[in-house]
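Worksheet: one structure, shown below.
Letters A, B, ... are given to chains in the order of the sequence lines, protein chains preceding strands, and every chain is numbered from 1. Note that these values count all heavy atoms, side chains included, but never hydrogens, waters or copies made by symmetry. In this text, all values refer to a predicted model and were calculated from it rather than measured experimentally.
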There are 2 protein chains.
Amino acid sequence: MATRKDVAKLAGVSPASVSYYVNNSGYVSAEKKEKIQKAIEELNYRPNLLAKSLRSQESKQLLLVCNEIRNPFHAELVYYTTKIAYENGYIMLFANVQDDVDYIEQICGYQVSGIIFASNKVTKEQYDRIAKFGIPSITITSMEMDGLDPIITQIKIDTESAIMNIVDVAVGLGHRKLSFLAGCPSGEQARIDLKTRGFIKGIEKNGLHIEEQRIIYNITNSINAYEEVKRLIIEGNHPTAIICANDADAIGALRAVHEAGLKVPDDVVITGVDNTDNAVASIPSLTTIDVSIKMVSQITLDVMFKRLDGKHQDDIVIPTKLIRRESM
Amino acid sequence: MATRKDVAKLAGVSPASVSYYVNNSGYVSAEKKEKIQKAIEELNYRPNLLAKSLRSQESKQLLLVCNEIRNPFHAELVYYTTKIAYENGYIMLFANVQDDVDYIEQICGYQVSGIIFASNKVTKEQYDRIAKFGIPSITITSMEMDGLDPIITQIKIDTESAIMNIVDVAVGLGHRKLSFLAGCPSGEQARIDLKTRGFIKGIEKNGLHIEEQRIIYNITNSINAYEEVKRLIIEGNHPTAIICANDADAIGALRAVHEAGLKVPDDVVITGVDNTDNAVASIPSLTTIDVSIKMVSQITLDVMFKRLDGKHQDDIVIPTKLIRRESM
DNA sequence: ATGAAAGCGCTAACAT
DNA sequence: ATGTTAGCGCTTTCAT
């Protein structure tokens, strides 16, 4: 690849002038501008961003960490954040990470300007480790993370009250046996997972006993959800309301219920979260929680740019909205 | 962030020794190794990959270009390729690009080691422009691209015979009015789109007239597909076989047919492509074309590493498989 | 076995 | 208005 030096030589100017022209800093005469432009085109010159970043101590690269890109919520988030970042002169690096913090730390070696977490698999200890790098970070979360290093701004999606609301509606419809398909593992993670908390709080608020309500943990995709719901039904005494942590899981649940010869919503109601395209297109269409991913993306990057600007930003809570469709 | 110099100072050795230790090149005494390791941990040192890449003239960054990450096929591809790349010491940069080649060119400024295209929106002219950078590239394609610069290895997914096969089966089942929901725009793109070609060839092979078979272009997601199929049905004289370019579109078609009170597969058969989770979980489940994305990802990166090694690689054709389920 | 030093391509302060 | 130059953090050759 041609370098700035090559361009300077061909254009008969100094390398500095090329920089001035390319970056629109410093003065370059119209005559030289033209010569430089010509040389750039002839040589197909592109500035070496590695060198530029090294020198200017800012990479203009943002890192987005997801734990499951195959989940449409994450896919949309990648779509919008990448787009907005680019429109603002930043390139998005993407990492699909389960629990390999080493990976993230390695990528930080590229001197990323900022990190966006969209993963429910990163633990507090791992956040703490990454916080040490001093890189402005944001986490889009459905977790209650206490005592997180303030270098990590939390954008909390209020799925807790959303799921509570769903429980209210289900109970209002007469359902007494509810089940929740959680994305997280049981134990510590479950205690801070807002969706799981919402379910438990909803159950308690409605005077039901949480022990009698089944929470199925570790649901990671629709196939998985399908199998678990199938098992629930085969075991007998199945729930009449199946509340899922996301739309994909709800699609799997729908299928299992359908195969068992049960009708949705007459025999069993099912709900999702995320309001993805699937929720509209499925049969029956899904009652779900709308989280405007476009809006979340915009807010996230607004916050990121503010942070990169050295300004402080408090944590943010993003409200959600129940979308009633056919499945409940 | 701490630099190599800081580590050297704290450990009481030269910066070179730190490099030797970190990269396992050159000799370092056990005693110094220990000191260096201690200093690294104390300072939370991470090598600056920007500087390393600049110096060693290889970034170990791969660029993946998609045009629609919200499509599950792309999402899975991102998932697997990112994973395999990392296992081989490469970081994947991700770009969701419609037709903005400038964006790709800009990212190339990071001296990416290789580029993987998974987009049906990149035109030959755009490939040609990027080929000029001399970066080993691969395109995972469902297009017939003639005369492409050999710096771009083509991994062709044989969707052409797959769709022809679907047409055969549909006609064998007695269908005479078929429709194809294409992802590409009509015109030049459609002529090189293997799926569209497969449909046309299949129709002709079966002695039907292509003029009487509706091809709907520019279908980009399930909502879109839903609307178009709804329109087809409302217009009357609707097709009894709706062949879709991907599973997501088929889900939308399914919904439209269902709303019209028609039964799948009794009144209308519908097929997808990709064999995503949705195809298994939908009701009815989808007859679709299986393309093992995991395998495609593995092959793609095998080819990439071979290319990065300076070896030549011929274009590859990846076979596909028809998966019969309930929708046809 | 270890260190000094050149240089990767760039920015920006400074000199002219 | 344009050029010279130091230095970003690193690798690697060459001396010691």
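Distances shown here put every side-chain N or O of B:Q111 at or beyond 4.0 Å from the OP1 or OP2 atom of C:dC8. Within the structure, a side-chain polar atom (N or O) of A:Q57 is placed less than 4.0 Å from OP1 or OP2 of D:dG9. Remark: B:K32 is in phosphate contact with C:dG3, judged by side-chain N or O atoms under 4.0 Å from OP1 or OP2.
In terms of heavy atoms, A:Q154 sits closest to A:T141 at OE1-CG2, 4.0 Å.
Protein atom CG of A:N23 is 10 Å distant from nucleotide atom P of C:dC10, rounded to whole Å. For the pair B:N48 CG and D:dC10 C1', the interatomic distance rounds to 8 Å; values are reported in whole Å. Atom CG of B:D6 and atom C1' of D:dC10 are 13 Å apart (whole Å). Protein atom CD of B:E58 is 13 Å distant from nucleotide atom C1' of D:dC10, rounded to whole Å. Across the protein-nucleic acid pair, A:K5 atom NZ and C:dC8 atom P stand 6 Å apart, rounded to whole Å. The distance between atom CZ of A:R46 and atom C1' of C:dC10, rounded to the nearest whole Å, is 16 Å. In this structure, the OH atom of B:Y45 is 4 Å from the P atom of D:dC10, given to the nearest Å. Rounded to a whole Å, the NZ atom of A:K9 is 18 Å from the C1' atom of C:dC10.
Listed by first and then second residue, the side chain to side chain donor-acceptor pair (under 3.5 Å) pairs involving residues 37-53 of chain B are A:E105-B:R46, B:Y21-B:Q37, B:N23-B:K52, B:Q37-B:E41 (not counting sequence neighbours).
At the heavy-atom level, B:S17 lies under 4.0 Å from the strands shown only through sugar-phosphate atoms. No engagement by A:Y21 is indicated, since no non-hydrogen atom pair under 4.0 Å with the nucleic acid exists. Residue contacts shown for B:P47 are limited to sugar-phosphate atoms, with no base heavy atom under 4.0 Å away. Within 4.0 Å of B:S19, counting heavy atoms only, lies at least one base atom of the nucleic acid.
Note: B:Q189 CD to B:C184 SG = 6.5 Å, rounded to the nearest 0.5 Å.
Taking the ring centroids of A:Y103 and B:Y86, they lie under the 6.0 Å cut-off.
Map B:A16 and A:T3 each onto its nearest nucleotide of DNA chain C; the residue landing nearer the 5' end is B:A16. Annotation: of the two residues near DNA chain C, B:V13 and B:A51, the 5′-most nearest-nucleotide partner is B:V13.
Using modelled atom types and a 3.5 Å distance limit, the side chains of A:N120 and A:N67 yield a donor-acceptor pair.
Ion pair A:K124/A:D128 flagged as a salt bridge, since at least one NZ, NE, NH1 or NH2 atom sits closer than 4.0 Å to an Asp/Glu carboxylate oxygen.
Relative to the side chain of A:L54, the nucleotides D:dG3, C:dG3, C:dG9 differ in distance, and C:dG9 lies closest. Closest contact between the side chain of A:S29 and the listed nucleotides D:dT12, C:dA4, D:dA1 involves D:dA1. Taking every side-chain heavy atom of A:Y20 into account, D:dG3 is the closest of D:dT12, D:dG3, C:dC10. Side-chain proximity of B:Y27 to the nucleotides C:dC10, C:dT2, D:dT2 is greatest for C:dT2.
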